[in-house]
Amino acid sequence: MPELAEVEYYRKQWDAGFGKKVTKILLHGEKRIFRGTDIKGMERLLPGAMLLESKASGKQMVFRFSKNLWLGLHLGMTGMLRVEAPGFVPQKHDHLVLCQKERTLVFKDMRQFGRVRFHQGKDAPEWWSQIPAALTSNEFTQGQMTDFLQRHGKLPVKAALLLQSGFPGVGNWMADEILWRAKIAPQLRSSKISGQRAQALWKSIRFVCRQAIRHVGPKFDDPPKDWLFHQRWSKAGRCPNHRVPLSRATVGGRTTAWCQLCQQE
């Protein structure tokens, strides 16, 4: 599933369309990614509208058009954005296609766990304005993080990190990376995160999010070689620090990798 940095990468794919008008919109309106979406409004209003800007927040992105139009996209598990040549003919999984004179902007989602939203208005719609503060922003404080973890104190900290209401954009591999760097075992209850542990976790979240955007966001490159990222995917993976085999278990419903030497409860 695309996480914070991958979402940033895909958002930028449509940058080529800035300052240009949509000439035609093609969509598979019966697909579940359009659930609750004003499809008729999209078909009526987007043609003739100019793409002005885009932003990413957590696992979501928004594209703003003239006429006070807002197009929200969530990539789900398999969603991706790309640019094709003019006259492109949509394929089976290309569920939303915005045609411009010079190019075609395509949203593909094979498994359809993503979502398309649409809004017209000067103010941001609730589905965008109510996303929690970015983990790289000044609004995400250590105190705010600790309060959230205490409210979900019975959860393993790995499971808590996957809650988008507190940690927008963090997914499975990022959560493992964060906990490894903070030296916190993924099974530790969130209520145990305080003091030095809380400080270490907050710093690790900030570091991993910022560096992931820096390395993955521009060109979809992998993080640096000394990250846990490169070891966690393989059953033979080893801790980058101690070179001992990584432990694995299901925590919070997700496959989790950690180092028992680095990350002790």
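Heavy-atom basis, side chains included; hydrogens, waters and symmetry copies ignored.
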>> Can you list everything that forms a side-chain hydrogen bond (donor to acceptor under 3.5 Å, both in side chains) with E139? Sequence neighbours excluded, please.
In response: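 With neighbours one apart ignored, the set is S137.
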
Is it true that a side-chain atom of [X] and a backbone atom of [Y] form a donor plus acceptor pair closer than 3.5 Å?
X: E6; Y: E3; value: yes
X: E53; Y: R64; value: no
X: T23; Y: C99; value: yes
X: H230; Y: P224; value: yes
X: R206; Y: L135; value: yes
X: N172; Y: T255; value: yes
X: Q231; Y: L246; value: no
X: S204; Y: R181; value: no
X: Q164; Y: K59; value: no

Starting at [atom1] of [X], measure out to [atom2] of [Y] and round the result to the nearest 0.5 Å.
X: L45; Y: S66; atom1: CG; atom2: OG; value: 10.5 Å
X: F65; Y: Q120; atom1: CZ; atom2: CD; value: 13.0 Å
X: L163; Y: H152; atom1: CG; atom2: NE2; value: 5.5 Å
X: L161; Y: F148; atom1: CG; atom2: CZ; value: 9.0 Å
X: F140; Y: M145; atom1: CZ; atom2: CE; value: 6.0 Å
X: K55; Y: M61; atom1: NZ; atom2: CE; value: 14.5 Å

Could you see if [X] belongs to whatever hydrophobic cluster contains [Y]? Use Ile, Leu, Val, Met, Phe, Trp, Tyr and a side-chain cutoff under 4.5 Å.
X: F107; Y: L52; value: no
X: V170; Y: I184; value: yes
X: L27; Y: V97; value: no
X: M174; Y: F167; value: yes
X: L228; Y: L179; value: no

>> Counting neighbours of CG on D123 that are heavy atoms of other residues, nucleotides or ligands and sit closer than 6.0 Å, is the number greater than 12?
In response: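 Atom CG in D123 is not crowded, with 12 or fewer foreign heavy atoms closer than 6.0 Å.
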
> Is it the case that more than 12 heavy atoms not belonging to K101 sit under 6.0 Å from its NZ atom?
Replying inline: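 Not buried by this count: 12 neighbours or fewer within 6.0 Å.
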
Side chain proximity check, [X] to [Y], heavy atoms < 4.5 angstrom:
X: L96; Y: L71; result: yes
X: H242; Y: C259; result: yes
X: Y10; Y: L73; result: no
X: L46; Y: K67; result: no
X: V106; Y: V83; result: no
X: I213; Y: L4; result: yes
X: L51; Y: V22; result: no

Please table the atom pairs, donor to acceptor, closer than 3.5 Å between any side-chain atom in residues 188-200 and protein atoms at least two apart or in another chain.
from, atom 1, to, atom 2, distance (Å)
S190, OG, L155, O, 3.0
S191, OG, G153, O, 3.4
R197, NH2, E265, O, 2.7

Over all atoms of both residues, closest heavy-atom pair of [X] and [Y]:
X: A212; Y: A5; answer: O-CB, 3.3 Å
X: V251; Y: P156; answer: CG1-CB, 3.8 Å
X: R117; Y: Q60; answer: NE-OE1, 4.4 Å
X: P168; Y: P132; answer: CG-O, 3.9 Å
X: Y9; Y: V216; answer: CB-O, 4.1 Å
X: A160; Y: L149; answer: CB-CD2, 3.7 Å

> Quick one: hydrophobic cluster around V244, which other residues, with the 4.5 Å side-chain cut-off, linked directly or via members?
Replying inline: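 Under the 4.5 Å side-chain rule, V244 groups with L261.
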
>> Which residues end up grouped with W70 if you chain together Ile, Leu, Val, Met, Phe, Trp and Tyr wherever their side-chain heavy atoms are less than 4.5 Å apart?
In response: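 Taking Ile, Leu, Val, Met, Phe, Trp and Tyr as members, W70 shares its hydrophobic cluster with V62, W127, W128, I131.
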
> Would R11 and E8 pass as an ion pair if we require N to O under 4.0 Å?
Replying inline: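 Result for this pair is yes, salt bridge flagged.
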
>> Check D94 with R82, please: is the shortest side-chain N to carboxylate O separation under 4.0 Å?
In response: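 D94 and R82: salt-bridged.
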
>> With side-chain contact (heavy atoms from CB on, under 4.5 Å) as the criterion, how do L201 and V157 come out once you've worked through the C-alpha distance, each side chain's angles and the decisive distance to 0.1 Å?
In response: CA-CA 10 Å; L201 181 61; V157 64; 4.2 Å; yes

> Can you name the residues that form a side chain to side chain contact (heavy atoms under 4.5 Å, CB included) with S247, not counting sequence neighbours?
Replying inline: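 Scan of S247 (side chain to side chain contact (heavy atoms under 4.5 Å, CB included), adjacent residues dropped) gives W258, Q260.
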
>> Ring-plane angle category for F63 and W14, please: parallel below 30°, perpendicular beyond 60°, tilted otherwise.
In response: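 Judged by the thresholds at 30° and 60°, the geometry between F63 and W14 is tilted.
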
> Where does the angle between the aromatic ring planes of W227 and W173 fall among parallel (under 30°), tilted (30 to 60°) and perpendicular (over 60°)?
Replying inline: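 Plane angle between 30° and 60°, so tilted.
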
> Passes side-chain contact (heavy atoms from CB on, under 4.5 Å), L69 versus F118? Steps please.
Replying inline: CA-CA 7 Å; L69 302 180; F118 183 69; 3.8 Å; yes

Under 3.5 Å, side-chain donor or acceptor atoms of residues 28-37 against the rest of the protein: list the pairs with distances, not counting sequence neighbours.
from, atom 1, to, atom 2, distance (Å)
H28, ND1, H95, ND1, 3.0
R32, NH1, Q112, O, 2.6
R35, NH1, R32, O, 2.8
R35, NH1, G114, O, 3.3
T37, OG1, F34, O, 3.2
T37, OG1, V116, O, 2.4

